[in-house]
Amino acid sequence: MKYFLSIFLTLAMALVAPARATIDDALSFALEAADPYVKEGFTVREDYWGGDLPVKQAKAIVHQLFKGNEYWFWMGTDTANAKISVHIYDADGNLAEDESFQKPHKAAAHIRPKKTGTYYLIVEIEKSPEERTYWSLAYGFR
Amino acid sequence: MKKCALFVLTAGICSVVHAQVPQHIDVAGFASGKPGSQMIDSVVVPVPSEIFSVLDKQGKPAWSEVLRPVKDVAVTGSKEQISLVLGTVIAEGFVAVEAQNPEEVKNIGRAVLKLSQAIGVQKAVVRRSNAIIEAADKSNWSSVRHELDGALADVKNAMNEMRNQDLAQLVSLGGWLRGTQALTAVVEAHYSADGAELLHQPALLDYFKRRLDAMPAKTKSVGLVKRIREGLNEISPIMGSDTAEVSEKTVKQVDSVATELIKVINQKQNSNE
């Protein structure tokens, strides 16, 4: 019984581990994108979001932002040739970011909130050779 | 001429890229999960320093007056209570950093370890706790902030791995409540509309309320958890509005609820009554 249980656990770990590893790889690209901004005084949070998405399926993340701070959101993927994006909208659904960029393996958006409240981060895999693409999103503030 | 053409071309490309980004989205569509859109059902709870950094830009709050000593931290009571206390203690760490009080930061580092031990997640926190104490010794405040944030994340991850997501939520909630209490204390001392606006936190209130509602009946029946649910319902109409201006009276109301909840959380032997 113990033998079968250990085989089952090993198989389960083998299935779960690659997903974790890929999200962590995606996070390393997001943090790479953050690096220049850390030098500019941005504090990067230890918390982050991650998952996998099919092409053209957008995902919304609700976030509380405070007027008086500025924020950068950095998204990463380890899938080569994927095109990813992140954009920031206010509670009414209006585009609220000051700037954004897309680079290989990375995308980012920057905002100086005009008011304190709820904002929506929309992440999307615009193009990818994979059926589902792993992504990760980190953020920093100053 | 070449430069001019390059500028026009660059500007053209930039505007094309900008034009491709939708200027408006249907937020309700995401919430209802219409095809092609999904909403993530989790919110990253801001660390208190996210709010404190705004207050610092608005003036020079007397952080030492906001700081509450942590020397007599309660390690008794239910796991729910200890998780809530742990959250408040980590949040206190951010206040101690603002107050630049190394002794209190070190007390907090030790208290974090003690509380983590009581709920079985000390292994995840030992390194952070030592790093907090070490950085406080060197008055390296940005490093203390980083380690406190890391301790919060490590505790929550360890709890999630142990399938104790509810306790992880309570750590976040405790931290948020103490952060809110510190915010109201600063704004009450020197009221400004800009400072009070920081209390507009509808997404967080909604998130915590939903999480508490989703907890098992056994957890919800814990007297402390019950009182926190009531408290969140009391402040929800005030902090949950995205439009109304937060008056001085409102700040006082939120402060009174947050202070009472923090007091209840820290009451010794606050177990399953």
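Given the structure is predicted, the values throughout are model-derived calculations rather than measurements. Lettering of chains follows the sequences in order, A, B, ..., and the numbering in each one begins at 1.
Listed by sequence position, the residues of residues 32-41 of chain A in contact with chain B number zero, using a 4.5 angstrom heavy-atom cutoff. Contact annotation for residues 79-90 of chain A against chain B (heavy-atom separation below 4.5 Å, listed by residue number): His87(A), Tyr89(A), Asp90(A).
Only the side chain of Ala153(B) comes within contact range of chain A, judged by heavy atoms closer than 4.5 Å. Looking at Ser142(B), neither its backbone nor its side chain comes within 4.5 Å of chain A, counting heavy atoms on both sides. With a 4.5 Å cut-off on non-hydrogen atoms, Asp206(B) does not touch chain A at all.
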- Query: Taking it one step at a time, do Asn94(A) and His24(B) satisfy side chain to side chain donor-acceptor pair (under 3.5 Å)?
  - Reply: CA-CA 5 Å; Asn94(A) 298 314; His24(B) 186 84; 2.8 Å; yes

- Item | Verdict with supporting geometry, Gln100(B) and Trp63(B), side chain to side chain donor-acceptor pair (under 3.5 Å) | CA-CA 9 Å; Gln100(B) 304 207 338; Trp63(B) 290 109; over 6 Å; no

- Apply side chain to side chain contact (heavy atoms under 4.5 Å, CB included) to the pair Ser236(B) and Lys209(B), showing each step before the final yes or no. CA-CA 9 Å; Ser236(B) 190; Lys209(B) 278 168 63 183; 3.1 Å; yes

- Message: Walk me through whether Gln181(B) and Thr184(B) qualify under side chain to side chain donor-acceptor pair (under 3.5 Å).
- Response: CA-CA 5 Å; Gln181(B) 189 199 20; Thr184(B) 52; over 6 Å; no

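Of the listed residues (Leu121(A), Ile122(A), Val123(A), Leu53(A)), the greatest number of heavy-atom pairs within a distance under 4.5 Å of chain B belongs to Ile122(A). Note on Gly51(A), Ala60(A), Gly68(A), Pro54(A): by heavy-atom pairs under 4.5 Å with chain B, the leading option is Ala60(A). Across Ile25(B), Val54(B), Val27(B), Ile40(B), the residue that shares the most heavy-atom pairs under 4.5 angstrom with chain A is Ile25(B). Chain B forms the most heavy-atom pairs under 4.5 Å with one residue out of Asn69(A), Asp92(A), Leu65(A), and that residue is Asn69(A).
Separation of atoms CD (Gln169(B)) and CE (Met159(B)) is listed at 10.5 Å; rounding is to 0.5 Å. Put simply, CD on Gln253(B) and CD on Glu248(B) are 12.0 Å apart, with the number rounded to the nearest 0.5 Å.
Between the Asp98(A) side chain and the Arg112(A) main chain, a donor and an acceptor come within less than 3.5 Å of each other. Not a single donor-acceptor pair under 3.5 Å links the side chain of Ser49(B) to the backbone N or O of Phe52(B).
Aromatic ring centres of Tyr139(A) and Trp72(A): separated by at least 6.0 Å.
The pair Glu98(B)-Arg145(B) meets the salt-bridge criterion, since a charged nitrogen lies less than 4.0 angstrom from a carboxylate oxygen.
Within the structure, every pair that satisfies the side-chain hydrogen bond (donor to acceptor under 3.5 Å, both in side chains) test and touches residues 56-66 of chain A, not counting sequence neighbours, is listed here: Lys59(A)-Gln38(B).
Under the 3.5 Å distance criterion, with hydrogens and angles disregarded, a donor-acceptor pair is assigned to the side chains of Glu70(A) and His110(A).
Here Arg45(A) pairs with Asp47(A), Glu50(B), Asp149(B) under the salt bridge (Lys or Arg N to Asp or Glu O under 4.0 Å) rule; sequence neighbours left out.
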